[in-house]
Amino acid sequence: MEELSVVDAIKADEEAQAKPHTQPIGMLASARARRYESWGRFPKSNPKRVVSLHWLNDLPNLESIEGTILPHGYGRSYGDSCLNNEGTLIDITGLRRFISFDPETGLLRCESGVMLADILTYFVPRGWFLPVTPGTKFVSIGGAIANDVHGKNHHGGGTFGRHVTAFELLRSDGERLICTPTQNPEMFRATIGGLGLTGLILWAEFRMRRIPGPFIAEERVKFKSIEEFFEISQDADERFEYTAAWLDCLTFKQYQGRGFCMLGNHDRLQTLPEQQIKPKNLPPVPVDVPSFLLNPLTMRMFNEVIYNMQIPKRIQRVSPYDGFFYPLDALQDWNRMYGKKGFLQYQFVIPYNDNYRALKNILNEISGSGEGSFLVVFKTFGEVSSPGMLSFPRKGVTLALDFPMRGSSTLELCTRLDRMVRESGGVVYPAKDARMSAADFQAFYPQWREFSRYVDPKFSSSFWRRVTS
Amino acid sequence: MNVLILGATSAIAHETAKAYAAQGAALYLVGRNPEKLNANADDLKVAGAKQIACQIVDLDDLGAHETILKNADAALGGLDAVVLAWGTLGDQTASQTKVDEALRQFHTNAVSYISMLTLLGNYFEERKQGVIGVITSVAGDRGRGSNYVYGAAKGAVSLFTGGLRARLAKVGVSVVTIKPGFVDTPMTAGMKKNPLYASPQSVGNRIHKAMVGGENVVYTPSFWMLIMGIIRNIPERIFKKLSL
Ligand SMILES: Cc1cc2nc3c(=O)[nH]c(=O)nc-3n(C[C@H](O)[C@H](O)[C@H](O)COP(=O)(O)OP(=O)(O)OC[C@H]3O[C@@H](n4cnc5c(N)ncnc54)[C@H](O)[C@@H]3O)c2cc1C
Ligand SMILES: NC(=O)c1ccc[n+]([C@@H]2O[C@H](COP(=O)([O-])OP(=O)(O)OC[C@H]3O[C@@H](n4cnc5c(N)ncnc54)[C@H](OP(=O)(O)O)[C@@H]3O)[C@@H](O)[C@H]2O)c1
């Protein structure tokens, strides 16, 4: 569900374009060489070695690799959970083949490096969609399982892991385990949301869902307070499969929570009228943008413009699924807008049965900090429980925001937020994290000790060393 | 659309095959490793291929070439397009020190192409339609000290396809010479990657587009046309001193 809004809103009216399934397949993969960094580009990290996998029948002997190892997908995790500084990364992106698909059951089996984008390319035209999708389609199946990712349909569909029926795990001692909810069930539970630490997922099988067509019947509703947001979402969660909101966090002190909800359902329409179709991929951000361009003033202006663009209280339209789910994907390498120093993303979920008091305190803290956040995404998570031992999603309200990395002031703000989240009974999302303390992680995820029994002895990550030290 | 893929376990060729599969093509896959060929066949099936048949054969074996063509033609009921993609990068140092090794590399990358292209040329000349996509390399544009054995073989095939194109153009058959630059595939697994490396997806899709459009010579990514234009024009007295 993430990081929509800014680009989304800018493009708001020019957006209903491009037939989703006519996107050239070549655009799916950046033509550029791999960079083994995380999406936030902080912390900087250096793998000692990268082992690239290409064939399931030709796998390396993991035990013979010196030091620790970690699988690495497309590096769309923001922090250091996909990094293994001074260790070995196993690049799984060469394992990018489908294995089988059963149109009777909707079960798709594929290698773990298959990108969500690949699946959309081949399956949307045939009337199938991902059971759950994050806010970017440039992630691997392996990564989607290892972070047990969530999307705009969490209130109904739960996390990605809930739709996984089986996978095969390669352990460093050479053992290969088929894991399903009934076969090796503990390893199944530990690997979903297991941050790549329990072994290498070779292939996975999961259930796709049927769709009537490639378009989304979309509705945007403006709100002027946190209370109004919750009113709208309560009603929307019943009527819409997909819900998320954009919140103007910078001006929270002044306006007490203005923003708009983005709601959607799959639509039966098969094609859009010709005049609405425009080419849509913007060129990649070629260089690091100097970081002085990202000061609170420019960001505040950015938010102001975007909010005011959404003039009517309610907008309804039919738009291509791509623009609805993945507005940021149109701007390749947008993370470079934050410059060389990179940025932090902060995502948490907290309960909201306290009259939104904790939520408002947190928003006040952010708004007052001057560490303005470019992109703020807001959503309620439903009751559906997550299958993974360490899964992040749980009932509550979740907020995801970006902070340009400015050093200690940014880090200190995050530490203050950690405390507030912890005190309100919430948790922070490891897939987005680059800095939480070991004490906080262990308080958020007390089950980490149980989980660590399933960690492969040769597997480790920069994140794991940090939060278990 | 009936397509024969020679060297179907190649990462680049597989992406081209997948683009054909997405359009519902029928495919005949030829490679020497059965497990890899099966994995690719499964992928292409899910991607939408109407029909898939495989043949396990080492393309170094020139004696098998005629049967391959006959089998593929029979299995699919006539061919509309062929991709030639197999190849080995070889070890330049080994090729320099051992005649056998140099000739073996030249056999795989040039002689076997000439054999296959001769048969294909006649096949398509008779059918008066179709497209032959031949993957050579930017390495064939100029002999470089660091890999001239591979380069010479690719260069030979580039020249050969140029002539074949001129011959077959008269009967409406396209021959596309494809010159990839650095591509991130198993062939270059051992090499340090730089920003010039392209993904097999982008190159494979570009090949598909070039074949569908009946293009002539394609550098992919396209900036290689510029780079090779410069490299070809460096005077020999300077070029021989460069460590390229
Ligand atoms: C713009 C944007 C929007 C996003 N929106 C959302 C969102 O809405 N919801 C959400 O939940 N997340 C979201 N994310 C985060 C992203 O979905 C996850 O971080 C995802 O796991 C990234 O997948 P990846 O292929 O890039 O894997 P990487 O980031 O490279 O790796 C992620 C983890 O998976 C492990 N891993 C990868 N492959 C394997 C394998 N084969 N076997 C075992 N472990 C493996 C790695 O070790 C690592 O721990 C977003 C990210 C971006 C950049
Ligand atoms: N990668 C690059 O940077 C690059 C650049 C320019 C041109 N090219 C050319 O592109 C083509 C495809 O290469 P690639 O990059 O896709 O690498 P690749 O994935 O390694 O593909 C090469 C394939 O050729 C097969 N092959 C080799 N000899 C064979 C034989 N005698 N019989 C049957 N199959 C044989 C190999 O099969 P096995 O798996 O069984 O060994 C392998 O699958 C090659 O012609 C290459 O020279 C590549």
Side-chain angles (χ1 to χ4, degrees), chain A residues 21-36 49-60 74 91 93-103 107-111 113-115 117-126 128 138 202-203 205 208 284 286-287 332-333, chain B residues 9-12 14-24 31 33-49 180-210 212 220-224:
Chain A
H21 49 274
T22 55
Q23 184 184 22
I25 303 162
M27 287 305 295
L28 299 181
S30 156
R32 202 161 305 145
R34 302 266 359 236
R35 291 183 289 252
Y36 294 96
R49 200 178 300 104
V50 176
V51 177
S52 296
L53 303 188
H54 294 280
W55 299 98
L56 286 186
N57 73 322
D58 182 15
L59 296 167
Y74 295 96
D91 181 339
T93 60
L95 298 177
R96 204 167 164 174
R97 297 175 194 85
F98 298 122
I99 297 172
S100 64
F101 178 66
D102 180 354
L107 286 176
L108 173 62
R109 187 178 284 213
C110 64
E111 295 177 359
V114 165
M115 242 194 210
D118 302 337
I119 298 176
L120 295 167
T121 302
Y122 293 101
F123 283 88
V124 168
R126 292 190 242 162
W128 293 94
F138 302 134
L202 297 176
W203 55 260
E205 182 187 83
M208 300 278 286
V287 289
Q332 266 191 47
D333 296 341
Chain B
T9 49
S10 135
I12 295 175
H14 181 62
E15 295 302 331
T16 306
K18 209 159 165 173
Y20 275 115
Q23 300 181 330
N33 181 312
E35 284 101 0
K36 292 181 182 176
L37 210 56
N38 277 338
N40 278 358
D42 286 346
D43 184 41
L44 296 170
K45 208 173 294 161
V46 177
F182 300 135
V183 193
D184 192 354
T185 71
M187 183 174 275
T188 53
M191 300 172 131
K192 205 163 160 45
K193 302 293 183 289
N194 61 46
L196 295 183
Y197 272 82
S199 69
Q201 284 79 23
S202 62
V203 172
N205 283 299
R206 179 67 185 90
I207 294 173
H208 175 250
K209 188 172 157 234
V212 171
T220 163
S222 57
F223 60 76
W224 282 97

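Hydrogens, waters and symmetry mates play no part in the numbers below; they use all other heavy atoms, side chains included.
Of all heavy-atom pairs spanning B:A47 and A:Y122, the tightest one is O-CD2, 3.5 Å. When all heavy atoms of A:R126 and B:G48 are compared, the closest pair comes out as NH2-N, 3.9 Å.
Note: B:K18 NZ to A:F98 CZ = 5.0 Å, rounded to the nearest 0.5 Å. The structure places CG of B:D42 at 10.0 Å from CZ of A:R97, a figure rounded to the nearest 0.5 Å. Considering CD of B:Q201 and CE of A:M115, their distance stands at 7.5 Å, rounded to 0.5 Å. To the nearest 0.5 Å, the span separating CG on B:D184 from OG on A:S52 amounts to 6.5 Å. Here B:D43 contributes atom CG and A:R96 contributes atom CZ; the two are 10.0 Å apart, rounded to the nearest 0.5 Å. Rounding to the nearest 0.5 Å gives a distance of 12.5 Å between CG of B:N38 and CG of A:L56.
A heavy-atom distance below 4.5 Å is found between the side chains of B:V46 and A:F123.
For the set B:N40, B:N33, B:V183, the count of heavy-atom pairs under 4.5 angstrom toward chain A peaks at B:N40.
Residue contact with chain A, scored on non-hydrogen atoms closer than 4.5 Å, is absent for B:K45. In this structure, chain A has a heavy atom under 4.5 Å from the backbone of B:T185, while its side chain stays farther away.
Using a distance-only test at 3.5 Å, with no hydrogens or angles considered, no donor-acceptor pair links the side chain of A:N57 to the main chain of B:E35.
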